[in-house]
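Worksheet: one structure, shown below.
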Amino acid sequence: MTTMTNTLAEIKGLSTYFHTEEGIVKAVDDVSFSIPAGRTVAVVGESGCGKSVTALSVMRLVAEPGRIEKGEIRFGDQDLLRLREGEMRGLRGNDIAMVFQEPMSSLNPVLTIGEQLIEPLMEHRLLSKKEARAESAGLITRVGIPRAEEMLKAYPHELSGGMLQRIMIAIALSCQPKLLIADEPTTALDVTVQAQILDLLNGIKAESNTAILLITHDLGVVAEMADHVVVMYAGKVIEEAPVIELFQNPRHPYTKGLLRSKPVIGRREERLYSIPGQVPQLIGLGEACAFADRCESCLPVCRERRPVITQGENGHLVACWLYEEGVSRDE
Amino acid sequence: MSDAMLEVKDLKKYYPITGGLFGRTVAHVKAVDGISLSIAKGETFGLVGESGSGKSTVGRTILRLTDKTAGEVRFKGKDLYSLSKQDLRQIRPEMQLVFQDPYGSLNPRMRIGDAIGEALLDHGRASRAEVRDKVLETLALCGLSSSHIDRYPHEFSGGQRQRVGIARAIILNPEFLVADEPVSALDVSIQAQIINLFSDLRDRQGLTYLFISHDLSVVEHLCSTIGVMYLGSMVEMAPRDELFAQPLHPYTRALLSAVPIPDPTLKRERIVLRGDIPSPVDPPSGCKFHTRCPVATDACRESAPEFREVGSGHFVACHLV
């Protein structure tokens, strides 16, 4: 299962904090995982778990009052966090591209689709206007939109959400990135359109060997798309495993709870399992395991010290005291 | 059909589009274009469809929150649209609505105890002295604690706010509740809590629901009868198990196959529809689904199929069935 393919990117000990008036929000706290070339890694979690901030940190697009405090993001032989802003700008769009949740707000409403596609091609790939135009039409066709020439002249408001997301993907693909970061790319779309976009992303991965970092809250999307899954909770990675291993053998009580609380067609239960309580405030989390208050298997140690993520069998990592040797199980 | 709590016949809701110098009506958005359904007491009817299918408009028109264009809505035998204002006000407490967005539907300057109790005072169902007790009782029923009563909406999480929204709706002891995408804005772990709350309330209070959602897995979990809408029309309607075991309409099939299943070992043939839902201003001729239908024939382009019963309680509008 874990044949070691080339690592394209490696995130090591990444911490991104937001310095707010109420205190420091540790949105991403000592997060590590790697992205193999040509694979899809899904980061899954609920709102506020830090998955989007992780993605933005990789692009170095975290806005004030957020700051990347420490860590390393290895991409090839460079550390992205040590690059100068100018060098980083050269990388963005070229080697790493990003697709956001809201296509409507990511496109400029007063420019045509053509202008928005052609410009980055001229800028990044130094094509002439004519070449860029031809290339744009090709990209539009590639993302499955008919009548590419007409589309180049259209404005964003003339297109539906699904079409706009395709255009966003076309822009992201325009410079043949090695890594495509997709932050909840289908959350704002209807299921039938979501199915189209997921198919498109899978097609891109197969054709051009682009690695995808997929940020999502939807376990169904994870199961369909991912090769490898990273589960986040309260700014930390709490579990990580190859996709089949994770779904068949979830270890962290939070992952187990998430999988059980999602209604699944054809597996109806009298009552849905639900995780009690809610996601904790990220300010002043303290030393306890962040999930302790909601956990059904909470041990005394869980309230005192936070578990460290450790490697188990089958490429499965988990941060939970239940799987540590020599932990007292007495209440 | 005499035991039906709600009966809707050929309901239509068109919104005019005005244009030109004098603001003449130039076209209509046919948001709801001839929907019929009936909900028995204690039943949970699930209405599914994608954005723009008209499912929310059905909910609002049924409650007479917006005027109908044509058709009939009978609530416990009474024709809602022929009731006078006073009579309508009398009947309002029996039918309530829960909204999708728990953030937008609460007044930020009102303590939630007041927000929940407001309706009791308005309808003269309790004196000021009694309101607090009744609110506390409803809070407990909705899984909120008594200490929440004097707090403001911003102090609550999304899931708790949705509980407040539900508490507001049920404090008048309604018999019928329209829930419009009540769990769509919530995280999975919280969503499960709210779904369970809906089924508890149904069991304890004998509530009847019209549950509007785009999420087939939620609807399957909660509803006994399901209707599928596309561009303002009902394309299929059947008891839950029947619909999921034997979906007949090509749209229902595509919708079902598009739902991602959280099982990575499952490899299935997915029906991927081409294109988007067309505009309801200018819906396609014949069967409205023919532009995206993988099996459409010439007949589908020419004439609209009739919505007819093909099995016990199983209705479908398709030429090919």
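Given the structure is predicted, the values throughout are model-derived calculations rather than measurements.
Residue contact with chain A, scored on non-hydrogen atoms closer than 4.5 Å, involves the side chain of B/Leu256 exclusively. Heavy atoms of B/Arg274 lying under 4.5 Å from chain A belong exclusively to its backbone. At a 4.5 Å heavy-atom cutoff, the contact between A/Pro276 and chain B is made by backbone atoms alone.
In this structure a side-chain-to-backbone donor-acceptor pair under 3.5 Å is missing from A/Asp190 to B/Glu50. A/Gln196 contributes a side-chain N or O that, together with a main-chain N or O of B/Leu273, makes up a donor-acceptor pair within less than 3.5 Å.
Of all the heavy atoms in A/Val191 and B/Ala258, the pair that sits closest is O-CB, 3.6 Å. Nearest heavy atom pair, residue B/Val259 against residue A/Glu224, reads O-OE2, 4.3 Å. The two atoms that bring B/His221 and A/Glu269 nearest to each other are CE1-O, 3.1 Å, heavy atoms only.
For residues 43-54 of chain A, a heavy-atom distance under 4.5 Å to chain B picks out A/Glu46, A/Ser47, given by residue number. Of residues 187-195 of chain B, those residues with a non-hydrogen atom less than 4.5 Å from any non-hydrogen atom of chain A are, in numerical order, B/Asp187, B/Val188, B/Ser189, B/Ile190, B/Gln191, B/Ala192, B/Gln193, B/Ile195.
Ranked by heavy-atom pairs shorter than 4.5 Å toward chain B, the options A/Val243, A/Val222, A/Ile275, A/Ile265 are led by A/Ile265. Of the listed residues (B/His214, B/Arg240, B/Gln160), the one with the most heavy-atom contacts under 4.5 Å to chain A is B/Arg240.
We find that A/Lys262 and B/Asp215 are not joined by a salt bridge, their nearest charged nitrogen and carboxylate oxygen being 4.0 Å or further apart.
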